[in-house]
Amino acid sequence: MSGEEAERLVEALLFASAEPLTEARIQEVLGARGEARAVLARLRTRYAGRGVVLEESAAGWAFRTAPDLAPALARLDPRPRRLSRAALETLAVIAYKQPVTRAEIEAVRGVAVSRGVLDQLLEHGLVAPRGHREVPGRPVLWGTTPKFLDFFGLASLDDLPRLDEFGDGLFAARGGGTEDPSGA
Amino acid sequence: MSGEEAERLVEALLFASAEPLTEARIQEVLGARGEARAVLARLRTRYAGRGVVLEESAAGWAFRTAPDLAPALARLDPRPRRLSRAALETLAVIAYKQPVTRAEIEAVRGVAVSRGVLDQLLEHGLVAPRGHREVPGRPVLWGTTPKFLDFFGLASLDDLPRLDEFGDGLFAARGGGTEDPSGA
Amino acid sequence: MVSGGDEEVLVVEVAGFSGPLDLLLDLARRQRVDLARIDMVELADRYLAWLEGARRRRLALAAEYLVTAAWLLYLKSRLLLPAAAVDAEAEAEAVGLRRRLAALDAARRAADWLRDRPWLGRERHPRGRPERLPMRRTGPLRVDLAELVRAWFALAARAERARVVTLVPRRPLSAEEALSWLARRLTGHDWRDLRAFLPPVAEDPLARRAALAATLVAGLELARRGEIELRQPRPFGPVLVRRRRRGERP
């Protein structure tokens with residue numbers, strides 16, 4: 001099979017799926033016909049600047065419509081996705097400080113994290129439980145999912161802006177690890 | 001908007017749509033940016049021969065994976081397979097009455113032999129064409145393969161158990177060894 | 001401190017604050033950009049002024065707003081002591097509050113950043129008509145000779161019935177017939193279910209039961225002759241059968 005054929009195959013495979021596919025899965029289908037990574041790179045170049053572009057994230061590879069076309073495509077989805085302000089803030093804290101307990105999220109936000117807020121995030125598949133903190137009560141630890149990256153168009157968590165870019169280094173949690181912003 | 005931009009928009013629109021889109025609907029989204037028919041024609045040319053093709057049907061326009069890639073895209077299911085009832089019966093008739101035409105198999109089974117049933121047996125390599133019956137239409141004659149003997153652990157076709165081995169049992173054949181229940 | 005106009009705006013915004021910390025952050029931002037240098041005394045005054053305005057307008061405030069007010073008042077009183085007397089504890093609490101405000105501020109900015117990303121399903125769309133890929137079955141074929149032969153005999157029987165109009169009187173399969181059938185079929189040394197060696201019979205339950213009985217009798221006879229072995233691992237369970245190896249003693 002020529003390189004062109006391998007490209008057609010991967011193109012079809014990715015087009016057929018609404019969810020990102022891992023490189024391993026793509027290689028599995030490709031078999032000896034080609035090297036997934038190289039084929040994906042060629043395909044990404046081919047689609048660069050088109051109405052549909054090939055995206056890579058920790059969740060895998062997926063075709064998505066180009067973001068700049070959003071206004072013209074707005075009417076496509078009659079029920080646009082919504083996340084409440086509380087859900088977005090909670091998600092931001094989880095993304096930066098994961099794995100993090102509900103109490104820790106509440107300490108940052110200064111208000112209780114309602115069941116509805118967590119439900120919203122879980123429903124969208126953006127967060128997931130990540131075990132327990134080994135302290136009395138063994139509270140659940142929360143973290144983001146690969147879907148979180150796909151949802152916000154991030155290649156990895158490293159694509160999140162450094163928080164000191166916000167003009168404040170105090171909330172430099174990721175990497176810093178266990179800093180408690182409540183000052184406790 | 002350049003022609004290129006109209007093409008990008010229609011490409012994204014067709015990609016993201018859950019249903020095939022009519023030309024009128026596409027024109028509606030396109031507005032003054034371009035002429036749907038011409039844009040679709042250019043897009044179809046662009047995708048010709050790719051892993052994804054732009055198809056027009058009565059329902060409208062839609063992308064779909066190129067049909068020739070279906071076998072390569074198939075997911076593999078390694079669970080053990082059983083022959084369908086129809087395939088088992090068809091194989092039995094071919095084994096006992098070979099060489100035999102499809103019409104003859106149907107006469108014994110009393111029902112039509114679908115293409116899929118013979119395909120199943122061919123795929124397993126259990127049967128093969130054995131020339132033609134020299135009658136009008138020259139129907140294909142079917143017989144079992146060496147693989148068939150191998151599969152069932154038979155040294156030769158003579159090892160297939162025969163009805164008359166039951167003495168005067170319920171379904172003993174009339175006369176000698178070549179029972180022919182169809183009466184043909 | 002706070003002008004009347006400012007107050008007006010703040011009171012109107014009350015519904016927009018999710019808790020006292022959120023309100024404090026908003027007040028602090030009006031004071032300075034650098035939250036680390038926020039003047040705690042000024043912040044406390046702004047908060048208390050806002051609260052007073054809210055109460056004048058009879059806004060229903062959650063108790064936590066009042067708790068925070070009391071705490072700020074206390075903090076302010078201690079911070080306003082002559083420099084020499086300002087206690088370290090009060091300073092630490094002020095630093096703690098600045099840190100909390102900075103953390104909430106960062107979380108809110110991060111939330112804004114996420115809000116403005118090109119969301120999947122909003123700015124970026126996945127394939128609207130995902131296609132189910134076909135399944136290709138690659139597993140080994142499971143069918144044995146007994147099945148094939150039974151299929152043939154059943155077909156032959158059906159054809160026979162269709163052809164011969166006169167009714168053949170039914171009689172059960174004889175033990176001799178079953179014996180001859182079983183002796184020929186049972187060649188393996190692996191345990192097999194005796195029912196796999198039933199001769200083909202009519203499809204009615206009575207004939208099947210008779211055939212099973214005859215085959216069991218045949219099995220017992222062959223076992224008596226030392227040709228095969230029979231075994232029933234549990235009461236009423238399937239009867240297993242295998243050919244005895246040559247030279248093996250019963």
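Sequence lines set the chain letters: A, B, ... in the order given, protein chains first and strands last, and positions in each chain run from 1.
- Residue contact with chain A, scored on non-hydrogen atoms closer than 4.5 Å, involves the backbone and the side chain of E28(B) alike.
- Remark: E4(A) engages R50(B) in a salt bridge, criterion side-chain N to carboxylate O under 4.0 Å.
- Closest heavy-atom contact between V52(A) and A12(B): CG2-CA, 4.0 Å.
- Residue L14(A) holds its CG atom at 12.0 Å from OG1 of T65(B), rounded to the nearest 0.5 Å.
- Residue contact with chain B, scored on non-hydrogen atoms closer than 4.5 Å, involves the side chain of L43(A) exclusively.
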For a side chain to side chain contact (heavy atoms under 4.5 Å, CB included) check, start with the C-alpha distance between L13(B) and L69(A), then their side-chain angles and the critical distance, and finish with the verdict. CA-CA 9 Å; L13(B) 183 66; L69(A) 297 172; over 6 Å; no
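- Ring geometry, F63(A) versus F15(B): the interplanar angle exceeds 60°, so the pair is classed perpendicular (tilted spans 30 to 60°).
- When atom types are taken as modelled, the side chain of R8(A) and the backbone of G49(B) share a donor-acceptor pair closer than 3.5 angstrom.
- Crowding of R85(A) atom CZ: a count of heavy atoms from other residues, nucleotides or ligands under 6.0 Å exceeding 12.
- Counting heavy-atom pairs closer than 4.5 Å to chain A, the top-ranked of the candidates A66(B), G51(B), A74(B) is G51(B).
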